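The structure under discussion appears below in the form of structure tokens.
No experiment lies behind these values; they were computed from the predicted model shown.
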Amino acid sequence: MLEKTNVKMLEKVVVRFSGDSGDGMQLAGNIFSNVSAGIGNQISTFPDYPAEVRAPQGTLSGVSGFQVSIGKGVHTPGDKADVLVSMNPAALKQNVKFLKEGGVAIVDIDCFKKSDLEKALFTTDDPYTEIGLKAQIVEVPMTSMVKAALADSGMDLKSITKCKNMFALGLVCWLFDRPLENAIKFIENKFAKKPAIAEANAKVIRAGYDYGNNIHASVSTYRIETDDIRPGVYTDVNGNTATAWGLIMAAEKANLPLFLGSYPITPATDVLHELAKRKDLGVKACQMEDEIAGICSAIGASFAGNLAATSTSGPGIALKGEAMGLAVMAELPLVIIDVQRGGPSTGLPTKTEQTDLMQCLYGRNGESPLAVVAAASPTDCFDMAFEAARIAVEHMTPVILLTDGFIANGSSAWRIPEANEYPAIKPNFVKPEMLEQGWKPYKRNEETLVRYWAVPGTEGFMHRLGGLEKDYNTSAISTDPANHEKMVATRQEKVNKIANNIPAQQIQGNADADTLLIGWGGTYGHLYTAVEELNAAGKPVAFAHFRYINPLPANSEEVIKKYKNVVVAELNNGQFADFLQSKFPMVNIKRINKVQGQPFLVQEIVEGLTKIMEG
């Protein structure tokens, strides 16, 4: 075999797979990501799903993309790709804006016939010039080569054509020197019950890899650096899966059974799917008939002594509002997972935004305070699901966990933790001696204001809860005005006191800068990378990323008041900025906002901050 030529050494590289929604781009991207994570690369992925279901094949509206960055210091999927794989003209046209000038464009030339160009609304027979493509173009006859590789397989033409994504995967694995064995093992596991399909896909992956050897002189190849990583077992994990696993860990640490009552909704459904698989761990996951039933079943499970959760997206949060108020009034532990998407109404169900914050903070009738936390990355979904459960159980309150479509569907390399790396969760259970002290259902710990949890069946602690106001002392139904005001204030103060049991807000970047960039939730990677770039360019910026929203960390005011310029960047029209402004009116908060159903580009943050810093 000839030596590879034109090798580029990179700390990190970005690859984007694109094609019809039926071309298997998500699977090819996932396998490439998994293989890269397994050999020690950091990864960050961005599955970019089409908004239309079953759009006509080859049309612009049906294009599906999957972008992944691999290497050292990876915190985002990258603004632009070094390599773009396009399975048809529509995919190339829709994604050329994501390809770096001078990068590599790999196209299935078999699908660039005149009729294919017309479907993608090209007006000439030279698509590359028409879209201004400035790249190393690699025209690969993928379809015909896959047909040749599987000619003796006995498969029908439609099934053979479906294997094209594996040819592209094999070629990209060659391009970045990925071990084929790991990719093939992934395929064998995925199609374990369909050995013929597994064998065909493995054969096609090898054919794509071998094809790469034959074009070694016509395209740049890449060698990717790896980080020194902590020893352990690594895999890639997406945010929804990590959320489910975080709840399982929390149930184990609290010694409580785990219950999920949920209704399918994009992009949160995979939390339900993952927990439904975990009967072996004692998980009870129930698909209910609607959103209201989902949360009400979870409230019932919580009353019965379970670590209870429900999962949804923005529309489901709207429907669950009254039941959340019930959980606040009953003071029961409950985890409510909101995987945010573009909205209102059906909105942009396959796209990402941070548009539910105000709804989650205030979107209930009456005074209904509850805790709100937000995950910063796909792997952080594990930690923040654990934290949401810990706060819910130890403080007897509903907790909303905010993730979003970007981190829920995206994945990162993750070291599978040991159980002893996470603290025990200590429910505030009733104690037998409380019966002699005149226990009542709303009797509280006077320091934390957390009421004691009496699980039904505990001898002597029979009780009722409900949605009507209770007397502070007797726990009987009460309409006394002064008592109601006291109970409202008590429930609020109970949530406020959670700040004593969460970490202080940390500062990254240049803590001595005049400018502080603030973010929250799934924007972390893009904001952190922008801050790194600005500091490296001699433009000092500090960075505070909030994972605890309500209550805020106890030192939040001290942190924010320290800086001359305070800038909040978020994927909405300024909801967290408004929230902070209401908390700290003495600070003039500036904003960088984006509401396009897409994550930030690092360059957008760099340019926005530079403009603010320069006055």
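Between Phe461 and His463, the ring center distance fails the sub-6.0 Å criterion.
Between the side chains of Asp380 and Tyr524, no donor N or O sits under 3.5 Å from an acceptor N or O. Between the side chains of Asn30 and Gln26, no donor N or O sits under 3.5 Å from an acceptor N or O. For Asn483 and Lys470, the side-chain atoms include no donor-acceptor pair closer than 3.5 Å. There is no side-chain donor-acceptor pair under 3.5 Å between Gln505 and Tyr548. Between the side chains of Ser412 and Ser377, no donor-acceptor pair of N or O atoms lies under 3.5 Å. Side-chain polar atoms of Gln340 and Asp338 form no donor-acceptor pair below 3.5 angstrom. For the 3.5 Å distance criterion, the side chains of Thr312 and Glu291 qualify, holding a donor opposite an acceptor.
The number of heavy atoms from other shown groups lying within 6.0 Å of CZ (Phe576) is above 12. At most 12 heavy atoms of other shown residues, nucleotides or ligands fall within 6.0 angstrom of atom CD in Glu252. More than 12 heavy atoms of other residues, nucleotides or ligands lie within 6.0 Å of CD in Gln603, so this atom counts as buried by the packing criterion. By the 6.0 Å contact criterion, CE on Met586 is enclosed, its count of non-hydrogen atoms from other residues, nucleotides or ligands being greater than 12. Within a 6.0 Å radius of CD in Glu493, other residues, nucleotides and ligands contribute more than 12 heavy atoms.
Looking at Ser411 and Ile43, their side chains come closer than 4.5 Å, going by heavy atoms from C-beta outward. Between Leu534 and Val606 the shortest side-chain heavy-atom distance falls below 4.5 Å. The side-chain heavy atoms of Leu334 and Ile295, taken from C-beta on, include a pair separated by under 4.5 Å.
Screening Val283, Thr243, Thr241, Leu281 for a side-chain contact (heavy atoms from CB on, under 4.5 Å) with Leu275, the sole residue that qualifies is Val283. Among Phe600, Phe406, Phe46, the one residue that satisfies the ring-ring contact (aromatic ring centres under 6.0 Å, His included) test with His526 is Phe406. When the options Val373, Leu361, Leu580 are evaluated for a side-chain contact (heavy atoms from CB on, under 4.5 Å) with Ile549, the one that passes is Leu361.
Listed by chain and number, the residues in a side chain to side chain contact (heavy atoms under 4.5 Å, CB included) with Ala293 are Met288, Glu289, Asp290 (sequence neighbours excluded). Partners of Asp514 by side chain to side chain contact (heavy atoms under 4.5 Å, CB included), not counting sequence neighbours, listed by chain and number: Lys564. By the side-chain hydrogen bond (donor to acceptor under 3.5 Å, both in side chains) test, Arg341 is found to be paired with no residue, residues two or more places apart in sequence or in another chain being considered.
Ser478 contributes no side-chain N or O that, together with a main-chain N or O of Glu469, makes up a donor-acceptor pair within less than 3.5 Å. With Thr490 contributing its side chain and Lys486 its backbone, the two residues share a donor-acceptor pair below 3.5 Å. Using a distance-only test at 3.5 Å, with no hydrogens or angles considered, a donor-acceptor pair links the side chain of Asn445 to the main chain of Thr448. Under a 3.5 Å cut-off, the side chain of Gln42 and the backbone N or O of Val74 do form a donor-acceptor pair. Under the 3.5 Å distance criterion, the side-chain polar atoms of His484 are left unmatched by any main-chain donor or acceptor of Thr479. For the pair Asp404 (side chain) and Ile407 (backbone), a donor-acceptor distance under 3.5 Å is present. Judged purely by atom type and a 3.5 angstrom limit, Asn535 uses its side chain to pair as donor or acceptor with the backbone of Val541. In this structure, Gln354 contributes its side chain and Asn572 its backbone to no donor-acceptor pair below 3.5 Å. Looking at Ser262, its side chain does come within 3.5 Å of a backbone N or O of Ser311 through a donor-acceptor pair. Side chain of Tyr563 to main chain of Ala511: a donor-acceptor pair is present (N/O by atom type, distance under 3.5 Å, no hydrogens or angles).
Screening residues 583-597 for salt bridge (charged side-chain N to carboxylate O under 4.0 Å, His left out) gives Asp578-Arg591, Lys594-Glu604 as the qualifying pairs, with residues at least two apart or on separate chains. Each salt bridge (charged side-chain N to carboxylate O under 4.0 Å, His left out) pair with one or both residues in residues 408-426, not counting sequence neighbours, appears once here: Arg230-Glu421, Arg415-Glu421.
Among all heavy-atom pairs drawn from Gly519 and Phe543, the shortest one is N-CE1, 4.2 Å. Scanning both residues, Leu517 and Ala569, for their nearest heavy atoms gives CD1-CB, 4.0 Å. The nearest pair of heavy atoms linking Asn306 to Trp453 is O-CH2, 3.8 Å. Lys440 approaches Thr474 most closely through the heavy-atom pair CD-O, 3.6 Å. Lys284 and Pro257 make their closest contact through NZ-CB, 3.6 Å (heavy atoms, listed as atom of the first residue, atom of the second, distance).
For the pair Lys443 and Tyr452, the cation does not sit on the ring face, since its NZ or CZ is not both under 6.0 Å from the ring centre and inside 45° of the axis.
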| message | For a side-chain contact (heavy atoms from CB on, under 4.5 Å) check, start with the C-alpha distance between Phe546 and Ser556, then their side-chain angles and the critical distance, and finish with the verdict. | response | CA-CA 9 Å; Phe546 284 79; Ser556 296; 3.5 Å; yes
| CA sep, side-chain torsions, deciding dist, call: Ile592, Leu609, side-chain contact (heavy atoms from CB on, under 4.5 Å) | CA-CA 8 Å; Ile592 299 173; Leu609 270 178; 4.2 Å; yes
| task | Evaluate the criterion salt bridge (charged side-chain N to carboxylate O under 4.0 Å, His left out) for residue pair Glu447 and Lys494; output intermediate values, then yes/no. | result | CA-CA 9 Å; Glu447 180 180 346; Lys494 181 183 73 170; over 6 Å; no
| Taking it one step at a time, do Trp245 and Phe382 satisfy ring-ring contact (aromatic ring centres under 6.0 Å, His included)? | CA-CA 6 Å; Trp245 292 353; Phe382 181 92; 7.7 Å; no
| request: Give the C-alpha distance, both sets of side-chain angles, the deciding distance and a yes or no for side-chain contact (heavy atoms from CB on, under 4.5 Å) between Leu326 and Ile299. | output: CA-CA 8 Å; Leu326 172 60; Ile299 291 172; 4.2 Å; yes
What side-chain donor-acceptor pairs closer than 3.5 Å can you find for residues 264-272, not counting sequence neighbours?
| residue | atom | partner | partner atom | Å |
| --- | --- | --- | --- | --- |
| Thr269 | OG1 | Ile265 | N | 2.9 |
| Thr269 | OG1 | Ile265 | O | 2.9 |
| Asp270 | OD1 | His273 | ND1 | 3.2 |

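Taking a cutoff of 4.0 Å between a charged side-chain nitrogen and a carboxylate oxygen, Glu607 and Lys611 do not qualify as a salt bridge. A salt bridge does not link Glu394 to Arg451: none of the charged side-chain nitrogens sits closer than 4.0 Å to a carboxylate oxygen. Under 4.0 Å is where a charged nitrogen must lie from a carboxylate oxygen, and between Glu557 and Lys562 no such pair does.
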